[in-house]
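Working notes, beginning with the structure itself.
No experiment lies behind these values; they were computed from the predicted model shown.
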Amino acid sequence: MTLGAPSGAENVEAMPTFTNGHCSVSCWEFDDDEIAEIVRTRRVYTSVLSGRTQPPIFLAPESVMRGFLVDYGGTWRVER
């Protein structure tokens with residue numbers, strides 16, 4: 001499924017996601033400088049374009065995310 005930008009949002013692109021009807025998952029890739037900062041600080045930040053609420057989110061590597069999704073339905077096919 002592809003999620004569109006909220007109405008009036010600037011500099012926001014459509015985002016491809018996987019959904020199993022219970023969970024929606026997006027995949028994010030980091031460049032080398034971003035990886036270095038994450039390793040150095042051990043921090044990743046998230047922002048939701050809402051301003052009034054923060055829905056529950058879950059950040060994890062693919063192996064952990066796939067294990068989590070099994071409890072809530074299907075997961076995506078692994079491309080090799």
Side-chain angles (χ1 to χ4, degrees):
M1 174 167 49
T2 300
L3 302 178
S7 178
E10 295 181 18
N11 300 321
V12 178
E13 297 179 20
M15 180 173 66
T17 65
F18 167 84
T19 184
N20 63 11
H22 298 280
C23 299
S24 181
V25 179
S26 59
C27 176
W28 299 77
E29 294 183 34
F30 300 97
D31 66 28
D32 290 342
D33 290 337
E34 292 167 330
I35 290 293
E37 181 177 349
I38 292 167
V39 169
R40 181 176 49 78
T41 65
R42 301 177 62 92
R43 294 181 180 154
V44 174
Y45 293 79
T46 185
S47 174
V48 176
L49 290 176
S50 171
R52 298 250 181 236
T53 184
Q54 174 73 50
I57 65 164
F58 178 60
L59 298 174
E62 183 177 7
S63 60
V64 174
M65 184 63 71
R66 290 174 66 79
F68 173 79
L69 287 180
V70 168
D71 292 339
Y72 293 93
T75 186
W76 58 92
R77 185 179 338 175
V78 177
E79 296 181 24
R80 297 190 193 271

If you measure from [atom1] on [X] to [atom2] on [Y], what distance do you get to the nearest 0.5 Å?
X	Y	atom1	atom2	value
C23	F68	SG	CZ	5.0 Å
F18	C27	CZ	SG	13.0 Å
L3	T19	CG	OG1	8.5 Å
T46	W28	OG1	CH2	7.5 Å

Answer yes or no: is there a donor N or O on one side and an acceptor on the other, between the side chain of [X] and the main chain of [Y], under 3.5 Å?
X	Y	answer
S26	T17	no
R40	I35	no
E34	D31	yes

Between [Y] and [X], is there a side-chain heavy-atom distance shorter than 4.5 Å?
X	Y	answer
R43	I38	no
F58	V64	yes
W76	L69	yes
N20	T75	no

ILVMFWY network linking M1 to M15, side-chain heavy atoms under 4.5 angstrom: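 Yes, because M1 and M15 connect within a single hydrophobic cluster, where side-chain heavy atoms sit under 4.5 Å apart.
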